[in-house]
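Data first, discussion second: the structure below is written as structure tokens.
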Amino acid sequence: VTGGQFVAAEADQEHTMAKAVRLFLAYSVLGLAIRLTGAGNPSSISYQIHSNNDLGAWKSLLQKGARQFKVDPHYVADPLICAAARPDLVTRGVDLTYGCLVLGHDVQMSGTTPYNTTDDLLSFLASDEIAVYGDLTIATCFKSGHPCSNTPLGDSWNTLVDNFFATSIDTTATITWVLDGDAKPRDCNTDRWQPWNSTWINSEDEGALWSNDPNKGWNRFTVLNNEEDLANWTWLASPTVNYGKFSAEGMDQAYQMWEPDSQETFHQYADLFIDGIDHEAGFHFAINIDIAMFETYLANKTGDGWNTLIQPTAQFDGQLGSSLDFPRLVSLGSNEQEPTTTEFVLLTQATSTDGSPLAYYTILTSRGRASSIDAASTPRALPNATALLDLSTGLSASPTAMDGGGA
């Protein structure tokens, strides 16, 4: 299932839930791939697509709702390596005199290597099909650069970054660029590449947590962008710190934390933000997981859906565990009361802190690619694993009272 957007089931939820439980068991042997779309709320909890340097994946990410991205322009100094890796750049007349900036977090180039480049990114953003998605924010985490080195390599790297910065994009979309990595505004680059602002990490430029000193470039550190460290974030969220200058009036960027993975981790930081002092710009998770998984993990926190735990038991594990592969999306077919709406059950799995498996499912509906995510109702308690197994004996039977009286 691609391109569509899925929202929580509404008026007939009780009937849908029973139907989903039965079909969950009936379809448990099927290997159905997830392609779930959604959109985060930028004024509360949302996400940044973190280090997805394959531009071929961006169209589907945009369809799923992504509007915040981070790329990693990685400096390759040798023009011959650039030409060997991407011979089409030579054919297209791209100037490789100063090397190239390929998009990759950890780059190893040997022979023809289909890395995208910053030139590809600029061309991609200028295409008409991208303009329809509106405002985008792209952080550029430059790697293997030579800032302020006063060397030939430093001059070449500066030239490439200057050219990238100066290239205009013919598009109706609004693109906000954010500096990161080796291009942060410090030392000799304090005033370079204006008006692009920068991310800030607590392990660097510590004084910028509180200060906007323009002589040090700290006025351009506007995006709080710390790694996953609960002690540090708890300290930042404390009333006496309140995220330093980043919570001040006029600071309109979301707080951002990078690379969580488990649902429990997402919940810890969501609770920390929700229970703290309000910040209108919200909180963003820089994610490497699929958007569908992110939306499911945080559904109960964001109000964009609902997500309930099924407690696995010995009976559950013994009878079904060997045939359940996660994650997957199971289609339940058209809604009987709303034929234009297709219903799904999303199955996901996580591991608890004690190492035991946890299985989840979420009821979703698709109303087409232009739909949005709505909170249909509060979460409902689901049957435990034993009750699910009991229902399996009636999969071919006619609707019962648990189906909502056949309604």
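Contact detail for A57 and N52: the closest heavy-atom pair is CB-OD1, 3.9 Å. The heavy-atom pair separating I201 from W258 by the smallest distance is CD1-CZ2, 4.3 Å. Summarising the geometry of A208 relative to K245, their closest heavy-atom pair is O-CE, 3.0 Å, with the distance given to 0.1 Å. In terms of heavy atoms, L153 sits closest to A77 at CD2-CB, 3.5 Å.
When side chains are defined from C-beta on, L224 does not count as touching Q256, because their heavy atoms never get closer than 4.5 Å. Counting heavy atoms from C-beta outward, V76 and L101 have side chains that stay 4.5 Å or more apart. Counting heavy atoms from C-beta outward, N202 and N232 have side chains that approach closer than 4.5 Å. Looking at M257 and W233, their side chains come closer than 4.5 Å, going by heavy atoms from C-beta outward. For the pair V132 and T172, the minimum side-chain heavy-atom distance is 4.5 Å or more.
For the residue pair N189/K184, the side-chain donor-acceptor check at 3.5 Å is not satisfied. Looking only at atom types and distance, the side chain of E228 has a donor-acceptor partner in the side chain of Y269 under 3.5 Å away. Between N197 and W177, the side chains place no donor N or O within less than 3.5 Å of an acceptor N or O (distance only, hydrogens not considered). For S211 and D213, the side-chain atoms include no donor-acceptor pair closer than 3.5 Å.
Salt-bridge annotation for R220 and D191: absent, with no side-chain N of the basic residue lying under 4.0 Å from a carboxylate O of the acidic one. By the 4.0 Å N-to-carboxylate-O rule, D72 lies close enough to K70 to be salt-bridged with it. Classification of R186 and D205 as a salt-bridged pair holds, one side-chain N sitting under 4.0 Å from a carboxylate O.
Here OH of Y297 is found 9.0 Å from CD of E264. Values are rounded to the nearest 0.5 Å. Here the OG1-CG distance, from T265 to L230, works out to 8.5 Å after rounding to the nearest 0.5 Å.
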Quick one, W193 with D162, criterion side chain to side chain donor-acceptor pair (under 3.5 Å). Give me CA distance, side-chain angles, the key distance, then yes/no. CA-CA 7 Å; W193 306 307; D162 286 345; 2.8 Å; yes

Please test R192 against D187 for salt bridge (Lys or Arg N to Asp or Glu O under 4.0 Å), starting from the C-alpha separation and ending with a verdict. CA-CA 10 Å; R192 201 166 190 149; D187 302 324; over 6 Å; no

Run the ring pair (Phe, Tyr, Trp, His ring centres under 6.0 Å) test on F246 and Y255 for me, step by step, so that the C-alpha distance in whole Å, both residues' side-chain angles and the decisive distance to 0.1 Å come before the verdict. CA-CA 8 Å; F246 298 100; Y255 309 140; 7.6 Å; no

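Residues satisfying the salt bridge (charged side-chain N to carboxylate O under 4.0 Å, His left out) criterion with D271, sequence neighbours excluded, are K301. Residues satisfying the side-chain hydrogen bond (donor to acceptor under 3.5 Å, both in side chains) test with E206, not counting sequence neighbours, are none.
Using bins of under 30°, 30° to 60° and over 60° for the plane-to-plane angle, the ring pair F283/F273 lands in the tilted bin.
Checked against the 6.0 Å centroid threshold, F285 and Y47 do not count as a close aromatic pair.
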Throw together a table of side-chain donor-acceptor distances under 3.5 angstrom for residues 137-145, partners on residues two or more places apart or in other chains.
residue : atom : partner : partner atom : Å
T140    : OG1  : V178    : O            : 3.1
S144    : OG   : H74     : NE2          : 2.9

